[in-house]
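To start, the structure under review is shown below, and the notes come after it.
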Amino acid sequence: LGRGKGESLPCGKMVDAMIEDMQVKISRMWTSTEDTLAGAGASVFMPFIQPLETFKPDGEGLDEDSEDEDAVKTGKQKPDELRKGHDMRNKQLLESAFKGTLHLQMDYAFEQNRLTQELVRENAALQKEKDIIQRKVPGWETIKAKEVLASKEARLKWLDTYMPPKLLRGQVGEAKKLAQQGFVDDFFRRKKRIRDTKKRVERIRAELSTLEDENPESKTVLQYLLEEHAEVNVVNEDGFTPLMLAARNGHLESVEVLMEAPHIDVGKKNAFGSNAMHYAAMYAHKEIVALLRAGKAGNKINKRDKNNMDKTPMDLANNEHLLLVEHKETMWEKVYKEKKFLLVNNMKPKEPPDNPVYNALGLHDPGGVVPPKKFKANRWRISKIKDPAGRVDDMTEEEYMKRWYSTAKKCAAPPK
């Protein structure tokens with residue numbers, strides 16, 4: 001079913017393909033812009049990890065009452081000066097845990113962070129493409145273009161095997177051929193995207209590996225701070241430890257290095273009676289919940305631990321799910337009855353375009369979306385949901401609810 005010279009996809013199919021490609025390009029453009037801006041302000045990532053200035057024995061900070069000439073010559077510091085340095089390191093540890101930078105290497109922290117974030121995005125895009133193509137064409141990895149396109153009979157046999165009949169319903173003659181060709185084109189376009197994304201993933205991993213090889217003696221931010229006598233279980237004014245802050249904000253890598261730190265108190269509670277797992281569950285960070293449940297030998301979190309509100313981590317995960325539904329249903333009244341918000345509906349690849357601007361962003365024209373009378377989490381979203389670290393999760397309510405549900409299950413599951 002290959003197209004000959006002068007043949008082309010119908011206008012609707014061309015627009016669909018253009019929109020899909022545009023979405024990918026816009027997404028990459030935004031992430032590239034973010035990386036550029038991050039590079040221009042690299043100090044934003046690590047403004048607080050700076051070595052203390054070398055002490056100069058010029059009188060400031062010296063014990064002026066000391067009669068020991070050697071103490072003056074070597075720059076013996078007053079107790080309050082030592083205390084200030086210690087407090088600074090503890091503050092840096094708390095800030096690093098909150099921002100999720102404890103796992104970064106001191107010698108190349110910014111570059112490592114940039115590449116790691118890029119790797120996360122590319123892996124997510126790769127998995128998304130794999131999931132889509134697997135649903136459409138099971139066993140897609142083994143299918144070669146030369147086999148499908150070898151002859152008309154081979155193409156028809158392949159289409160009979162994988163193309164859903166509903167896509168051809170009502171199609172006859174030339175329209176049917178074009179629909180079949182569109183299915184073939186979409187399949188091989190996705191395969192190409194997967195190949196290209198795999199190459200980008202390999203490139204990023206190679207760059208990270210090179211950084212490690214070039215800096216064999218580099219220490220992580222956590223190692224550096226602990227060697228400078230920061231306390232791994234230090235608390236802020238609300239009793240939050242570094243582990244709680246990292247777990248609350250979903251920083252898995254920082255939680256991992258903290259769990260390996262000597263003397264870490266995994267189950268420590270704050271002024272609200274909550275431990276790190278309470279916060280990981282509340283914000284649906286299921287991977288962190290699983291890690292905390294596994295714990296360390298003799299240093300694990302009890303899944304039945306309750307906070308001052310008599311809530312276990314599983315209770316909090318379930319409660320957040322219900323609170324979100326209640327909140328969105330309240331907002332839905334404003335959408336449906338008062339029309340205070342425009343309704344956002346995600347656009348699927350095969351749906352006809354209705355507004356080039358919105359369609360390029362993967363959305364239908366809000367003006368043309370007629371809402372049902374009741375909010376449905378599996379279909380509609382009113383806004384994106386911000387996580388506690390200030391990022392925006394591009395997930396529908398249904399996806400977020402599934403995450404809370406699976407997090408609650410992790411809270412109850414036996415540790416691995």
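Note that the numbering runs from 1 along the sequence shown for the chain. Below, all heavy atoms of this structure are taken into account, side chains as well, without hydrogens, waters or symmetry copies.
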Exercise. Just jot down the salt bridge (Lys or Arg N to Asp or Glu O under 4.0 Å) partners of K136, sequence neighbours excluded, or say none.
Key: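 Listed in chain order: D186.
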Self-check item: All salt bridge (Lys or Arg N to Asp or Glu O under 4.0 Å) counterparts of D310, not counting sequence neighbours
Solution: K306
So does [Y] get a backbone contact from the side chain of [X], meaning a donor-acceptor N/O pair under 3.5 Å?
X	Y	value
T142	G139	yes
N308	A271	yes
K191	I143	yes
D365	N355	no
T197	R193	yes
H278	G273	no
R293	C411	yes
N270	T241	no
E253	H103	no

Please give me the minimum heavy-atom distance between [X] and [Y], naming the atom from each residue.
X	Y	answer
S96	L225	OG-CD1, 4.2 Å
A179	L167	CB-O, 4.4 Å
I301	G267	CG1-CA, 4.0 Å
K219	E227	NZ-OE1, 2.5 Å
F240	N236	N-OD1, 2.9 Å
I288	L252	CG1-CD1, 3.8 Å

Exercise. Please identify each residue that fulfils side chain to side chain donor-acceptor pair (under 3.5 Å) with R203, with sequence neighbours left out.
Key: E118, E207
Self-check item: Residues that K130 engages under side chain to side chain donor-acceptor pair (under 3.5 Å), provided they are two or more places apart
Solution: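 Result, side chain to side chain donor-acceptor pair (under 3.5 Å) vs K130: none returned.
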Is the shortest heavy-atom distance from the side chain of [X] to the side chain of [Y] under 4.5 Å?
X	Y	answer
Y358	H364	no
L93	L102	yes
L208	Q112	yes
N249	Y279	no

Quiz item: When you look at CE of M314, are more than 12 heavy atoms from neighbouring residues, nucleotides or ligands closer to it than 6.0 Å?
Solution: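 Result for CE/M314: open.
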Quiz prompt | Set of side-chain contact (heavy atoms from CB on, under 4.5 Å) partners for N90, sequence neighbours left out | solution =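 Only H86, A230, E231, V234 meet the side-chain contact (heavy atoms from CB on, under 4.5 Å) criterion with N90.
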Decide whether [X] and [Y] meet the rule of one side-chain donor and one side-chain acceptor closer than 3.5 Å.
X	Y	answer
T312	D315	yes
N123	Q127	no
R114	Y108	no

Quiz item: What residue pairs, at least two apart or across chains, pass ring pair (Phe, Tyr, Trp, His ring centres under 6.0 Å) with a residue in residues 186-221?
Solution: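 Output for this query lists W158-F187.
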Practice problem: Working to the nearest 0.5 Å, report the span between CG of N215 and CG of D107. | Solution: 5.0 Å
